[in-house]
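The structure under discussion appears below in the form of structure tokens.
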Amino acid sequence: MNILGIETSCDETAAAVIEDGTHIRSNVVASQATLHAQYGGIVPEIASRQHMVTIVPVMRQALDEAGMRADELDGVAVTHGPGLAGALLIGVNAAKGFALSNELPFIGLNHLEGHVYAAWLEDVNPEASPGFPLMCLIASGGHTDLILMKGHGDYTLIARTRDDAAGEAFDKAARALGLGFPGGPEIQRAAEDSVGGEPRFPRPVVRNSLDFSFSGLKSAVARRAEEYGMYPPSEDAPPDAQQVANMAAAFQEAAVDCMVGRTLEAVKRYSVKGVVLGGGVAANSHLRQEMHKRVPVEVIVPRPALCTDNGAMMGAAGFFHFRTGVRSQWDVDVMPSLRLG
Ligand code: KG4
Ligand code: ZN
């Protein structure tokens, strides 16, 4: 079964052709990161306008690279939430138009479900090894969720963030340290040059809950950057690169410690057989290492390019719905606040 997966919920215009939920025949991602970088964050209006320009060429390229015609496809799967309303609209309408005109089944899916199903891509098969139940940590620019997955399509939300998402904390900490946008990869890169010695940052906890909280950590980084005279940025006194690297590493350690600690607790509490990592923050090398080191069950984490937003993950998620005969009605709408579990 060949599914065209489409994703436009945030700042990537993406389309992919996925065979049987696992094999990537093509995966095209047009990132808008450089367009938004000058504003230090995503500008929703610019995102939707750019999706409109890019969506058709990206879909065409995905078909070309897969060597497929539209009539060889078996379905179209698209993100219809959560995300930016104007950005979601472009993908949903492109997907509907394409599916209708080619008489293909169509399904609107939860973006977070896509991040979960990225773990099935490239012949990694979590349901065969290690098997259900799985604990999924989806950490992105908008979410930090622990989701218990007992089987396909069976999700229970175990924990979420009470304030900032993990990716948001990386982006804001990067800004306080004078690093670029998106902040996650910048923090990771800077942290590699750390020589250590920076005092620890706090690891905020929410009492009697597995929920996450990152705003205290983010504020602690901003306050210390102010104390060190690094923030607000000044052209006359650019920050010391070594100090930035040490701070980036200390922040990254704290953020990762929060995520691994909560996941470990959830693994024990729900006796799961494995952990699935997904979302842009799962691209973080320190998080990946620590999760493998500290969690006593199998950890399945897609390669970094499949952790950040892409169409392949939507094609994979689409397969698992289509194979049971599920599809959406044509009046399915965008749902910017859609939840999973
Ligand atoms: O899943 P994603 O591509 O888009 C959303 O659904 O939000 O996640 C984007 C987030 C951004 O906040 C970005 O800074 C973060 O993922 N990110 C990272 C890394 N790569 C991307 N965070 C930490 N380390 C990374 N290597
Ligand atoms: Zn995402």
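Read the numbers this way: they start at 1 and go in the same order the structure lists the ligands and their atoms.
If you check the side chains of N110 and H80, you find no donor sitting under 3.5 Å from an acceptor. Inspection of the H152 and Y117 side chains reveals an N or O donor paired with an N or O acceptor under 3.5 Å. A donor-acceptor contact closer than 3.5 angstrom links the side chains of S9 and E7. Defined by atom type and a distance below 3.5 Å, a donor-acceptor pair is missing between the side-chain atoms of T22 and E122. Side-chain atoms of H51 and D11 include no donor-acceptor pair closer than 3.5 Å.
With a cut-off of 2.8 Å, the Zn ion (ligand 2) has an N, O or S atom of H111 in range. Within the coordination shell of the Zn ion (ligand 2), defined by N, O or S atoms under 2.8 Å, H115 is present.
Taking every heavy atom of G142 and a limit of under 4.0 angstrom, the matching atoms of ligand 1 come to 7 (O). Interface of P182 with ligand 1, defined as ligand atoms under 4.0 Å from a residue heavy atom, comprises 14 (O). In the vicinity of H111, heavy-atom distances shorter than 4.0 Å reach the ligand 1 atoms 6 (O). Every atom of ligand 1 is numbered from 1 in the order shown, and the set under 4.0 Å from a heavy atom of H115 is 1 (O), 6 (O).
Per residue D309, closest N, O or S atom to the Zn ion (ligand 2): atom name OD1.
Between A283 and ligand 1 there is a heavy-atom distance shorter than 4.0 Å.
Selection from G114, S285, G141 by nearest heavy atom to atom 9 (C) of ligand 1 gives G141. Remark: among candidates G184, A166, A118, the nearest residue to atom 18 (C) of ligand 1 is G184, based on non-hydrogen atoms.
Here the heavy atom of the protein found nearest to atom 24 (N) of ligand 1 is N284 ND2, 3.0 Å. The protein non-hydrogen atom at the shortest distance from atom 11 (C) of ligand 1 is D171 OD2, 3.7 Å. Scanning the protein for heavy atoms near atom 2 (P) of ligand 1, the closest one is D309 OD1, 3.3 Å.
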Donor-acceptor pairs under 3.5 angstrom involving side-chain atoms of residues 175-186: please list them, not counting sequence neighbours.
from : atom 1 : to   : atom 2 : distance (Å)
R175 : NH2    : G40  : O      : 2.9
E186 : OE2    : R189 : NH1    : 3.4

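Residue contacts with ligand 1, taken as heavy atom pairs separated by less than 4.0 Å, involve P185 via backbone and side-chain atoms alike. Under 4.0 Å from ligand 1, not a single heavy atom of H143 appears.
Contact between F170 and M259 at its shortest, heavy atoms only, is CE1-CE, 4.4 Å.
For E168 and K172, the salt-bridge test passes: some basic side-chain N is under 4.0 Å from an acidic carboxylate O.
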Criterion side chain to side chain contact (heavy atoms under 4.5 Å, CB included) on M313 and N310, from CA distance to verdict: CA-CA 6 Å; M313 65 188 201; N310 62 82; 3.6 Å; yes
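Follow the hydrophobic side-chain contacts under 4.5 Å out from L73 and you never reach F319; the two are in separate clusters.
Close N/O approach between G167 and ligand 1 is found [any backbone or side-chain N/O within under 3.5 Å]. Ligand 1 has a nitrogen or oxygen under 3.5 angstrom from a nitrogen or oxygen of Q188. Here's the thing with G280: one of its N/O atoms is less than 3.5 angstrom from an N/O atom of ligand 1.
In the displayed structure, R49 atom CZ is contacted under 6.0 Å by at most 12 heavy atoms of other residues, nucleotides or ligands.
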